[in-house]
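A short write-up of the structure that comes next.
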Amino acid sequence: MGKFYITTSIAYVNALPHIGYALELAQADVLARWKRLKGDDVFFLTGTDEHGRKIVEAAEKAGKPVGEFVDETAAKFKELAGALNISNNDFVRTTDQKRHWPAVEKMWRKLVNKGDIYKANYKGLYCVGHEAFMKSSELKDGKCPIHFKEPETIEEENYFFRLSRYANELESIIRTEEFKIVPAGRKNEILSFIAEGVEDVSFSRPSKDLSWGIPVPDDPTHTIYVWSDALVNYISLLGYAEDGENFQKYWPADVHIIGKDILRFHALIWLAMLLSAGLPLPKNLFVHGFITSGGQKMSKTLGNVIDPFEVIKKYGADAARYYLLREIPPTEDGDFTFEKFEERYNADLANGLGNLVARVLTLAEKRTAKKELKISADVREIIDRAWENYEKHLAEMKFNEALETIWRLIGFCDEYVDKEKPWELLKQGKEKEFDQAMLNLLTSLAHIAWLLEPFMPKTADKIFEQLGIEKTAKDEWDNKFAIKKQASLFPRLPK
RNA sequence: CGCGGGGUAGAGCAACGGUAGCUCGCAAGGCUCAUAACCUUGAGGUAGUGGGUUCGACUCCCGCCCCCGCAACCA
């Protein structure tokens, strides 16, 4: 039984929670719950990223003071974690001056001491369309290839981080999977990016241009760049600043879960910062894709943005979690539509899981079984194999395949009921056979509930409750079931 | 020469150098314990396209066509 430290990325609070963040939370939560069930000491962190220019702009647009704006938006993200029944142990906010800032300052000083921070005049080509600096190699005929405009030359004084110094080391760490990036495609992507040449990165902005952030230690005329601030969240709340107990215990992270858009920051800048500060590196980086809406990128302009709260409110947290983890491929882009959602809901949750629980419990209520029976060997075998597959898939973070494994077991139970026809057995007075069939089915249901726990915790609890067994021991309930049939788990949705 | 992902049954997807599978939908049959549910069977694919490698390719290689991301809102 080891420790397991898992994080999501921290959500940028310039807008309200997005269904994509719900996906990331759900993925992380499954791993956290699964590891806890296995007896690991789990620490699961999520939170919000609240500094930077875009936040200031968003607050202005909303007509609110920045502090008030981020408080309100961050509260929404916290609310989403609650509504989705996420089991995070803590919630980090980068505006937390007590818990987050000291770690950022400590990290900054470490980098300075190592000689990896230097001040330089930054002369850059600034594309107004991008609102970002561009490399000259990215230009075509001296113009931005996307905006067809000549970028402005802007000169400002910045602190820089010597990322280039770590390029070779990073290449090797990533290639040898000392730091493992999943899926492999993302690993290749970052390796070819490194091969093209890694430059030092600007690590501060003049505070006259941007003051919403953490001041550079000993130089308040500069504000720490939002990414070098945000990445430290993974260690700040563990108590990096004071070398706290949790930091000692949980760092390095076992998995960082992120979206494909922030791969470079994690695989390059974050690792380089840790190398520079002499800290252990996280072990795995899991990169998920994006959710499209009806095959298109979600955009406010198109009006096809899916609101996670609406989904949860309409179908419940467990159904929402189920869809995200089953229908969206873990490391690729996936699609969300309400049509697909309802199709999945009816087929898998109502007709599949819900109906099976209902039919088995109705049968089981017909007779209180004798206690001395044991589960049949062939059914035992099927259950064992399901566990095997399930563990294998979860270890590889193949959430959809782990769920598929559970649903195969559900399918097996449906076939088993049809084949055994327990109602016939009763009519024919074959009580022993009936009891045996029911024990096999009830035990299978109990296992299904266990397998489901990391994915759909509330549903798992409901099944245990209806079976009348304790959730504490995973196996060998013998025949201690005390059936208490309740309302349908997932009522069928009207077409 | 910008980068990346993808084109497989009506829809959504999977696998694999050697009989092309799954889910939904559709059709027929069965069952009645169950949420008009469940079980069985069936129809339906010359695998975007043109070449090449191979005893053999959907699977490897090359060309071409088409779709989707890579400015902003936004993860």
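Owing to the predicted nature of the structure, the values given are computational and were not obtained by experimental measurement. Chain identifiers are assigned alphabetically (A, B, ...) following the order of the sequence lines, protein sequences preceding nucleic acid strands; residue numbering begins at 1 within each chain. Reckoned from all heavy atoms, side chains included, excluding hydrogens, waters and symmetry mates.
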Task: A/Y315 and A/E342: side chain donor to acceptor below 3.5 Å - done: yes
Task: Under the 3.5 Å Watson-Crick or G-U criterion, the dot-bracket string of RNA chain B, with | for inter-strand pairs - done: .((((((..((((....[..)))).(((((.......))))).....(((((..]....))))))))))).....
Open item on the list: Heavy atoms only, 4.0 Å cut-off, all strands: where does A/F490 land among base, sugar-phosphate and nothing?
Closed with: base
Open item on the list: At 4.0 Å (heavy atoms only), tell me whether A/S299 reaches a base, stays on the sugar-phosphate, or touches nothing.
Closed with: base
TODO: State which residue, out of A/L324, A/T46, A/I257, fulfils the side-chain contact (heavy atoms from CB on, under 4.5 Å) condition with A/E24.
DONE: A/I257
- [ ] Under 4.0 Å between any heavy atoms, over every strand shown, what does A/I291 touch: base, sugar-phosphate, or nothing? Just pick one.
- [x] base
Task: A/N351 side-chain N/O to B/C38 phosphate OP1/OP2 under 4.0 Å - done: yes
- [ ] From the options B/C74, B/C24, B/C38, select the nucleotide whose nearest atom is closest to the side chain of A/K300.
- [x] B/C74
TODO: Would you indicate what A/Y21 reaches in the nucleic acid, counting non-hydrogen atoms under 4.0 angstrom: base, sugar-phosphate, or nothing?
DONE: nothing
Open item on the list: Please tell me whether A/H18 and A/D307 have a donor and an acceptor in their side chains that are separated by less than 3.5 angstrom.
Closed with: no
TODO: Scan A/D414 against the nucleic acid and name what it touches under 4.0 Å (heavy atoms): base, sugar-phosphate only, or nothing.
DONE: sugar-phosphate
TODO: Tell me whether the OP1 or OP2 atom of B/C70 has a side-chain N or O from A/K297 closer than 4.0 Å.
DONE: yes
Open item on the list: Under 3.5 Å, is there a donor on one side chain and an acceptor on the other for A/S164 and A/D200?
Closed with: yes
- [ ] For A/A350, answer base if it contacts any base atom (sugar-phosphate contacts may also be present), sugar-phosphate if it contacts only those atoms, and nothing otherwise; contact means non-hydrogen atoms under 4.0 Å.
- [x] base
- [ ] Quickly work out the A/Q296 CD to B/C73 P distance and round it to whole Å.
- [x] 18 Å
Task: Spacing of CH2 belonging to A/W407 relative to CD belonging to A/E404, to within rounding of 0.5 Å - done: 11.5 Å
Task: Test item: side-chain donor near acceptor, A/T7 and A/H256, under 3.5 Å - done: yes
